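Everything below concerns the one structure shown next.
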Number of protein chains: 2
Amino acid sequence: MSTEAKSTAAAGCGFREIRGLVTELSRRLDAHQRGRIAELDLTPTQAKALEELGEPRTARELAAALCCEPPNVTYVISKLEKQGMVVRQPHPLDGRAKQLVLTEAGRELRLDLLRRMGAESPLDHLSDAERSVLRDDLLKALGRAD
Amino acid sequence: MSTEAKSTAAAGCGFREIRGLVTELSRRLDAHQRGRIAELDLTPTQAKALEELGEPRTARELAAALCCEPPNVTYVISKLEKQGMVVRQPHPLDGRAKQLVLTEAGRELRLDLLRRMGAESPLDHLSDAERSVLRDDLLKALGRAD
DNA sequence: TATTGTTATACTCTATAACTATA
DNA sequence: TATAGTTATAGAGTATAACAATA
């Protein structure tokens with residue numbers, strides 16, 4: 001295709017190639033997860049919030065977990081509340097805060113979600129040994145090999 | 001299918017752990033690229049378009065490459081055109097279409113971008129051998145090992 | 001009649017600022 | 001005065017529909 005990228009790639013395997021592979025794998029895993037999430041009529045952010053609410057959290061804590069600002073938590077939680085999946089309860093220790101707590105339906109939905117996400121995966125064709133190797137290499141790439 | 005979906009996960013390394021590692025690595029690589037892109041005062045989509053325009057493309061082709069709809073190409077290209085990086089030329093074979101062609105400044109910017117993106121990377125601490133192993137594992141995970 | 005690119009428009013998501021109620 | 005959550009509002013980005021020019 002283009003010649004300018006080959007200077008670095010030619011030596012061994014270059015940054016751009018690995019970046020492309022990681023991106024592709026990431027997209028494939030994400031696509032799989034989005035499929036499971038869509039099966040339950042959830043948006044990705046709703047699903048993330050649902051995952052985080054295994055234990056009650058304040059809006060502030062949830063915002064930190066979701067890496068977003070508090071108004072966005074209000075936005076997402078309001079939708080989940082309308083669907084009857086979560087309720088806002090007064091915080092027992094701080095009258096300003098609210099505890100976001102899953103309803104019975106919310107807990108069921110969360111378990112359903114986690115079950116679906118773990119059930120099948122685009123990595124199923126790998127053997128246990130291959131997965132183990134992949135994990136170790138990823139850890140090494142992230143600079144925290146054991 | 002087993003009712004205990006985590007039986008394999010608990011034993012070795014599960015889907016969720018690898019997904020998390022791949023996502024983290026992907027985010028880290030993306031963050032690195034966003035840094036390089038921001039250095040040139042570009043948005044990620046502009047950078048992607050710039051990369052794709054190594055050869056002239058029609059808006060339709062660029063939309064396919066960027067996985068978006070044609071109006072969004074108009075949106076992005078109009079910005080790049082205002083910055084003097086690209087021009088819309090009549091297509092030699094189809095009067096309806098337009099060829100999106102980089103200007104001299106656009107070509108320079110594109111090369112600068114590619115050079116910066118390849119210059120350093122969050123994978124620099126890996127040896128050539130380790131990178132090679134990582135690449136092979138990723139290819140295997142993607143189901144197209146050599 | 002079909003297709004290319006553009007315009008007009010709406011929707012989603014996210015961010016900042018202002019407001020309230022507690023602390 | 002500071003903090004938690006909400007509301008109001010604005011911005012970027014992406015989508016659909018309607019349109020003009022061309023095939």
Side-chain angles (χ1 to χ4, degrees), chain A residues 23 27 30-31 33-35 37-38 40-53 55-83 85-102, chain B residues 23 27 30-31 33-35 37-38 40-53 55-83 85-102:
Chain A
T23 300
R27 283 200 212 289
D30 285 348
Q33 298 302 62
R34 275 196 302 274
I37 288 168
L40 296 174
D41 285 316
L42 295 169
T43 67
T45 313
Q46 281 180 319
K48 244 181 164 180
L50 217 48
E51 281 190 71
E52 289 295 329
L53 288 177
E55 297 297 325
R57 300 256 185 280
T58 66
R60 219 83 192 178
E61 290 168 342
L62 190 54
L66 299 182
C67 298
C68 70
E69 301 301 317
N72 303 324
V73 170
T74 300
Y75 178 76
V76 173
I77 292 300
S78 295
K79 290 202 294 184
L80 282 174
E81 194 179 39
K82 270 176 201 150
Q83 296 168 342
M85 297 304 163
V86 62
V87 290
R88 293 166 156 103
Q89 290 181 358
H91 194 284
L93 303 176
D94 188 337
R96 300 168 300 180
K98 286 175 187 170
Q99 267 191 331
L100 309 175
V101 184
L102 292 185
Chain B
T23 300
R27 281 198 213 289
D30 285 349
Q33 298 303 63
R34 274 196 301 275
I37 288 168
L40 296 174
D41 285 316
L42 295 169
T43 67
T45 312
Q46 281 181 319
K48 245 181 166 180
L50 218 48
E51 281 191 70
E52 289 295 328
L53 289 178
E55 298 297 325
R57 300 255 185 281
T58 66
R60 218 83 192 180
E61 290 168 342
L62 190 54
L66 300 181
C67 297
C68 71
E69 301 301 316
N72 303 325
V73 170
T74 299
Y75 178 75
V76 174
I77 292 299
S78 295
K79 290 202 292 184
L80 282 174
E81 194 179 38
K82 270 175 202 151
Q83 297 169 341
M85 297 304 164
V86 62
V87 290
R88 292 166 157 105
Q89 291 180 356
H91 194 283
L93 303 175
D94 188 335
R96 300 168 302 180
K98 285 175 188 169
Q99 268 191 330
L100 309 174
V101 184
L102 292 185

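Here is how names work: the chains are called A, B, and so on, in the same order as the sequence lines, proteins then strands, and each is numbered from 1. All values reported here derive from a predicted model rather than from experimental measurement.
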Between [Y] and [X], is there a side-chain heavy-atom distance shorter than 4.5 Å?
X: A:T43; Y: A:I37; answer: no
X: A:I77; Y: A:K98; answer: no
X: B:K79; Y: B:M85; answer: no
X: A:R60; Y: A:P70; answer: yes

Whole angstrom value for the distance that separates [atom2] of [N] from [atom1] of [X]:
X: A:H91; N: D:dA4; atom1: NE2; atom2: P; value: 11 Å
X: A:E61; N: D:dA4; atom1: CD; atom2: P; value: 10 Å
X: A:L100; N: D:dA4; atom1: CG; atom2: P; value: 14 Å
X: B:R57; N: C:dT4; atom1: CZ; atom2: P; value: 16 Å
X: A:I77; N: C:dC13; atom1: CD1; atom2: P; value: 14 Å
X: B:L62; N: C:dT6; atom1: CG; atom2: C1'; value: 15 Å
X: A:R60; N: D:dT3; atom1: CZ; atom2: P; value: 9 Å

B:L100/B:T58 under side chain to side chain contact (heavy atoms under 4.5 Å, CB included): CA gap, chis, key distance, verdict
CA-CA 6 Å; B:L100 309 174; B:T58 66; over 6 Å; no
Protein-proximity profile, nucleotides 12-18 of chain D, B/S/- by nucleotide at the 4.0 Å heavy-atom cutoff, equals SSBBBB-
Using side chain to side chain contact (heavy atoms under 4.5 Å, CB included), reason through B:L50 and B:Q46 one step at a time and then give a plain yes or no. CA-CA 6 Å; B:L50 218 48; B:Q46 281 181 319; over 6 Å; no
Query - Partner set under side chain to side chain contact (heavy atoms under 4.5 Å, CB included) for B:K48, not counting sequence neighbours - result: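 With sequence neighbours excluded, B:K48 shows a side chain to side chain contact (heavy atoms under 4.5 Å, CB included) to A:R27, B:L66, given in chain and number order.
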What are the atom names and distances for every N/O pair under 3.5 Å that joins the protein to nucleotides 20-23 of chain C?
unit_1, atom_1, unit_2, atom_2, d
C:dA23, OP1, A:G95, N, 2.9

How far apart are the C-alpha atoms of B:S78 and B:Q83, what are their side-chain angles, what is the distance that settles it, and do they pass the side chain to side chain contact (heavy atoms under 4.5 Å, CB included) test? CA-CA 9 Å; B:S78 295; B:Q83 297 169 341; over 6 Å; no
Taking OP1 and OP2 of D:dG5, is either one under 4.0 Å from a side-chain nitrogen or oxygen of A:T74?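 False: A:T74 side-chain N/O out of range (4.0 Å or more) of D:dG5 OP1/OP2.
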- Item | Of B:E61, B:H91, B:E55, the residue whose pairing with B:Q99 passes side chain to side chain contact (heavy atoms under 4.5 Å, CB included) |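 Single side chain to side chain contact (heavy atoms under 4.5 Å, CB included) partner of B:Q99 among B:E61, B:H91, B:E55: B:H91.
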